[in-house]
Structures are given as C-alpha cells and as structure tokens.
2 protein chains.
Amino acid sequence: MSNIKGRGHCQTCQIRHLSIFAQLPVNRLAEIQGFQPSVVTYAVDETVYHQGDVSATAFTLRKGLVKLIKTLPNGRTQIVRVLRTGDLFGFDGFAGESYNHTAIPLSDIEVCRLPLGELMELKKQNPEIENTMMRRWIQHLREAEDMMLELGAKKAAERLASFLIRWCENSNGGWSPLPLSRGEIGELLGLTIETVSRFLSDWKRQGFINEQRGSIQIEDIAGLRKAACSSGSC
Amino acid sequence: MSNIKGRGHCQTCQIRHLSIFAQLPVNRLAEIQGFQPSVVTYAVDETVYHQGDVSATAFTLRKGLVKLIKTLPNGRTQIVRVLRTGDLFGFDGFAGESYNHTAIPLSDIEVCRLPLGELMELKKQNPEIENTMMRRWIQHLREAEDMMLELGAKKAAERLASFLIRWCENSNGGWSPLPLSRGEIGELLGLTIETVSRFLSDWKRQGFINEQRGSIQIEDIAGLRKAACSSGSC
DNA sequence: CGGGATCTTGAGCTCAATCAATAAACGTGG
DNA sequence: CCACGTTTATTGATTGAGCTCAAGATCCCG
C-alpha cells in the first residue's frame, strides 16, 4: 500500500526548484502557514489514481518515474505521458473533471499530495504559481501535439528512433536509465512488444545503440536519425 | 489576403459567451478602456500563422472552422485539433515559445486578434479570465490525451467510427456539416484518403451513415458503435 | 538452481498503404 | 445552362509493414 512518509517542508524541499513553486520567493513560503502537504510513497505498479476517479488532489512527483495511461474497454492501453521529478499531475479537478487517465509508478516513487482546494487558494494569492502552472500546461499541450504527430504520421521505426533520441537527449553520449519494458515502450508508441524488440535488436546489431540492465546508450546518433526518417528528406 | 474587418466591441459581442471572456461581468468589460481587439477575416487555406513563427498574438475564433496542423519535413501532416467558434488558439507565446503548429481555416473565418501583452494584462486584473483559460487548457490536454489513445491503440475503422460519433454528437440524429475532405479526415486520424473513403462508402452501403454536400448524418448509431469496437467487448 | 517473467526470433497472415484507373463533384467561362 | 477542366472521391489490385502466434532464450529473483 501507499505510505505517508510525513509532512512536506516546502522551505527546505530539495526539488522545489523543479516544482510549480519554483518561482515563489522563499520568504513568501514562510508566510504560508497552513500549507504542509503530505509526502507519500508508492511502490511500483501501485496505482496513484484511476481514470474516472474524482480528482480532489493533485501531485508533484518528488522521486522516481510515473506513467499516465488510458485503457480501452478491450484492454489495449496507451501511455499518454511519462512524468519526471518536479512534474505536476492529477489536476483535472481544476476543470471540474475526474481523472482522465490512470497514474502508475514505473519505480518506487515519492509524491507530494496537493489538495486542489488548498492549491487553488495558494494560486489565487501567488501569481507566480499561477504563471508557472500556465506555462506548464501550455508546454504539456505542445508535447501532446508532438506526440500526436508521432503516432499519426510516423512509421514504427521512425517513432521508436525519435523516442530514443528524445529520451537520451540530456545525457549526451552517455548512458540513460530506461525503466520501461518493451511492452511499455510499445504502449507509448502504439506498437507491439515484438516490433519494439525487433528494431532494438536490429539497431544493437548495427551498433546504433547499446543496452545494459535497464540503461541505454546511443552510440551512433546519425544512424538512429536516419532510421527516424526512413522515407527520405527529414 | 487576410482582412481587418474593424475593431471588436466586446460588450456587444455575439459570441462572448463562448469566449474566454464569458465569465467576465459585462460592467467589468465597460471599465476596460484600451482593449479593442481587431476582428480579422481569412479565406479558406489562407494561413493564420505558421509553425515556428514567433507567437505574439492569440486568437479567438468567431466564425468558421480552423484546423491546427503539424507537418513533417517529408510532407506528411497531422491535424492536431479542429477549432470551433469561441476557441482560443495561438497562445504559445504565453510560455515563451513560438507557435507549435500551423493554423489554417477550413472555411472563411473571422477571428479576434488578442495581442498577448494585452491579454496577459487583462488576465492579471481579472481572475475570471485566468480561470476560464486554465479550465480550457486542462480540457484541451484531456482531449489531446483522448486523441493519443485513438491514434495509438485503435484500428482504422475504430478511429473513423468514433470520430464520426464524436463529430455528430451534438446534432442527435440530424445532419451535421462536415467541412473536411477525405484527405483531411485521414490527416486527423492517421489514415490515408483511400482507407477513409473505403470505410465511409462501406458504411453508406450498410445504411449506417448518410452524406450530402458536405453534411453527414448518422442513421444507425448502433451499427457505427459496433464498428468503433471491432475486436470484442467495448 | 529452479521457475516466472521478459525478451528475442521466426513464420505466416492481415490490415492498411500504395499504385492505378475511373467516376463523380465542382467551379469557371462561354 | 451546358461544356470543359480540375479537383476530389471511389473502387480495384497489389504490396508490405507490422500484428499475431509460437517457440526458445535470457534474465532475474527467491
């Protein structure tokens, strides 16, 4: 089960600079008395919330990775986003809606529970928060649009290659942890396990990539880039 | 070319109840002196803005329909959203970004130009606007997630059928204008012209749908629903 | 070391893309 | 209003990318 680890201490929070409170002056935080969100841990595969549940709290991811998935009645599922440290999620209640997807940890995680009522109040009183949230929503929307292009207009190899390039873009040349199974990569890109596996094996043989214990490394980005644009002039 | 039709008169605007200013009391509008956005018209296929352009103005759609598209270097394109009356678009500048997609009218349209600087100011002074925009961003994000599920997890027939059902859901049983070509429906759903045409013809023959001069009607929604869930238990 | 999960690889098949040829709809000017 | 050309849609034939099914291989954990 999920576990309440304690109360958050926003003023000393290690990841505040990544959160929606990043722009908030520290002294302002001190003024906010009542606000001490609980920090909660979840184990892998322990659902944080389910699609359809009433959304009364949002979360900030403090540690680990989370996948947001949508599932069809027949069981086929789509990962709509992979969250990283500092990401805000579960805010559908702000629009009077229930959660539109299910949130599942990809590793053991630690989140900060933000009751929407309190968050709304904070947001009203601190334009910096409002602003940061707005920027993030716009950013998410842009990423969602990018993903629609991937899913709607690209072929299997192109999707997988550009996914790998994106995934590894901040660890240039080095190893990146890849805590997603073949199946999950497939659910993210609209492909089957087998298709993902085939291309990855292929690219390993060709020396484009390297893999080891849940980590991946791009060895020949030019080769991958070429695979990302199979038919011609990208 | 695009045409400046004149200055908007927000207080008497016919579509204000659909816009981001819907929640704003009319008397508040009267107090806002400087704000008189220009109303501009564009003809079909005349681009409102291009992916990559600096985003300094947002728009509210007053009349007609707009498609937002993303294009791959090789020419394949994806429609990421179809806008309706009252929709706000082109706000990437709020996040310091340039436009992430290209906006093209599907019919002759009329838009309200909203310089982001002025809009930002208005938003600061009127929490109702802020709030409405937030709700819309969340709503868009939800729709984008829904679309990712369509594109990533459904087959051709399922995508097309559920698109038709969604498109017609507000005109129950009656005719709905469908100003999208086969090609555009394909670009929206990640399919080719031929695939779209084949299923539509098929469903016309089966009496599920009816079509006439750019309008469509669902005659047998149960039949379509079945097509929307080809493999089993949805 | 054993056994469940995950990954790989092969073979065959199916759905949708591609290629190609009409057919229908539309707009334009006579 | 009709003839003409252009665009858009339909339909068929064929191909091929990616799915499905199946059998091993590898990894991982107790």
Side-chain angles (χ1 to χ4, degrees), chain A residues 43-45 72 74-78 106-108 150-161 163-164 178-206 209-216 227-232, chain B residues 43-45 67 72 74-78 106-108 150-161 163-164 177-206 209-216 227-232:
Chain A
V44 187
D45 285 345
L72 247 28
N74 63 23
R76 278 179 275 170
T77 93
Q78 178 69 24
L106 287 169
S107 58
D108 290 355
E150 295 288 319
L151 293 171
K154 288 190 179 176
K155 309 201 216 230
E158 299 166 346
R159 283 181 229 172
L160 186 56
F163 160 73
L164 290 178
L178 182 67
L180 294 168
S181 69
R182 300 294 189 258
E184 284 166 332
I185 297 172
E187 285 172 358
L188 183 64
L189 303 178
L191 304 171
T192 57
I193 289 188
E194 295 94 330
T195 302
V196 173
S197 180
R198 264 182 252 275
F199 282 112
L200 290 181
S201 300
D202 199 14
W203 294 339
K204 274 190 251 180
R205 267 178 238 119
Q206 296 201 41
I209 57 172
N210 223 322
E211 205 185 16
Q212 212 173 91
R213 321 185 123 267
S215 278
I216 197 163
C229 316
S230 54
S231 55
Chain B
V44 186
D45 286 343
K67 63 176 174 181
L72 247 27
N74 62 23
R76 279 178 273 169
T77 93
Q78 177 70 24
L106 288 170
S107 58
D108 290 356
E150 296 288 319
L151 293 171
K154 288 190 179 177
K155 309 201 215 225
E158 300 166 346
R159 282 182 230 173
L160 186 55
F163 161 73
L164 290 177
L178 182 68
L180 295 168
S181 69
R182 299 295 189 258
E184 284 166 330
I185 296 172
E187 285 173 356
L188 184 64
L189 303 177
L191 304 171
T192 58
I193 289 189
E194 295 94 327
T195 302
V196 173
S197 179
R198 263 182 251 276
F199 282 113
L200 289 181
S201 301
D202 198 14
W203 294 340
K204 274 190 248 178
R205 268 177 236 120
Q206 297 200 42
I209 58 172
N210 223 323
E211 205 187 15
Q212 210 172 93
R213 323 185 120 265
S215 278
I216 198 163
C229 317
S230 55
S231 56

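Throughout, protein chains are lettered first and strands after them, A, B, ... in sequence-line order, and every chain is numbered starting at 1.
Counting heavy atoms from C-beta outward, A:T77 and A:L72 have side chains that stay 4.5 Å or more apart. Using a 4.5 Å heavy-atom threshold, the side chains of A:L164 and A:L200 count as touching.
Bending across the helix from C:dT8-D:dA23 to C:dG30-D:dC1, expressed as the angle between its end axes from five pairs apiece, amounts to 50° (10° rounding).
Residues forming a side-chain hydrogen bond (donor to acceptor under 3.5 Å, both in side chains) with A:D108 (at least two apart in sequence, or on another chain): none. Take B:S181 and apply the side-chain contact (heavy atoms from CB on, under 4.5 Å) test, not counting sequence neighbours, and it matches B:E184. In this view, B:T192 and B:E194, B:T195 satisfy the side-chain contact (heavy atoms from CB on, under 4.5 Å) rule, not counting sequence neighbours. The salt bridge (charged side-chain N to carboxylate O under 4.0 Å, His left out) test applied to A:E150 returns A:K154, A:R166, not counting sequence neighbours. Considering only residues two or more places apart in sequence or on other chains, A:P179 meets the side-chain contact (heavy atoms from CB on, under 4.5 Å) condition with A:L65, A:W167. When the side-chain contact (heavy atoms from CB on, under 4.5 Å) test is applied to B:R213, no partner is found at least two apart in sequence or on another chain. Not counting sequence neighbours, the partners of B:E211 by the side-chain hydrogen bond (donor to acceptor under 3.5 Å, both in side chains) test are B:R182, B:K204.
With rounding to whole Å, B:R76 atom CZ is found 13 Å from D:dA17 atom C1'. Taking atom CG of residue A:L200 and atom P of nucleotide C:dC7, one finds them 10 Å apart after rounding to whole Å. Rounded to an integer number of Å, the gap from A:L160 CG to C:dT8 P is 11 Å. Between A:E211 atom CD and D:dT26 atom P there is a gap of 15 Å when expressed in whole angstrom units. One interatomic measurement links the two molecules: CD of B:E187 to P of D:dA9, which rounds to 11 Å at whole-angstrom precision. For the pair B:L180 CG and D:dT7 P, the interatomic distance rounds to 20 Å; values are reported in whole Å. Between A:R182 atom CZ and C:dA5 atom P the separation is 18 Å, expressed in whole Å. Taking atom CD1 on A:I185 and atom P on C:dT6, their separation rounds to 13 Å, with Å as the unit.
Regarding contacts with the backbone of C:dT8, a side-chain N or O of A:S197 is found under 4.0 angstrom from either OP1 or OP2. Between A:S201 and C:dT9, a side-chain N or O to OP1/OP2 separation shorter than 4.0 Å is present.
Rounding to the nearest 0.5 Å places CZ of A:F163 at 5.5 Å from CG of A:L178. Put simply, CG on B:L180 and CG on B:L106 are 5.5 Å apart, with the number rounded to the nearest 0.5 Å. Between B:Q78 atom CD and B:K67 atom NZ the span is 11.5 Å, to the nearest 0.5 Å.
Checking side-chain atoms of A:S197 against main-chain N and O of A:I193 turns up no donor-acceptor pair under 3.5 Å.
In terms of heavy atoms, B:A157 sits closest to B:W203 at O-CH2, 3.5 Å.
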Are there any protein N/O atoms within less than 3.5 Å of an N/O atom in nucleotides 23-25 of chain D, and if so, which ones and at what distance?
none

Close N/O contacts between protein and nucleotides 28-30 of chain D (under 3.5 Å):
none

Do any N or O atoms of the protein come closer than 3.5 Å to N or O atoms of nucleotides 13-22 of chain C, and which pairs are they?
{"residue": "C:dA16", "atom": "OP1", "partner": "B:A156", "partner atom": "N", "Å": "2.7"}
{"residue": "C:dA17", "atom": "OP2", "partner": "B:T192", "partner atom": "N", "Å": "3.4"}
{"residue": "C:dA17", "atom": "OP2", "partner": "B:T192", "partner atom": "OG1", "Å": "3.0"}
{"residue": "C:dA17", "atom": "OP2", "partner": "B:T195", "partner atom": "OG1", "Å": "2.3"}
{"residue": "C:dT18", "atom": "O4", "partner": "B:R198", "partner atom": "NH2", "Å": "2.9"}
{"residue": "C:dC19", "atom": "N4", "partner": "B:E194", "partner atom": "OE2", "Å": "3.1"}

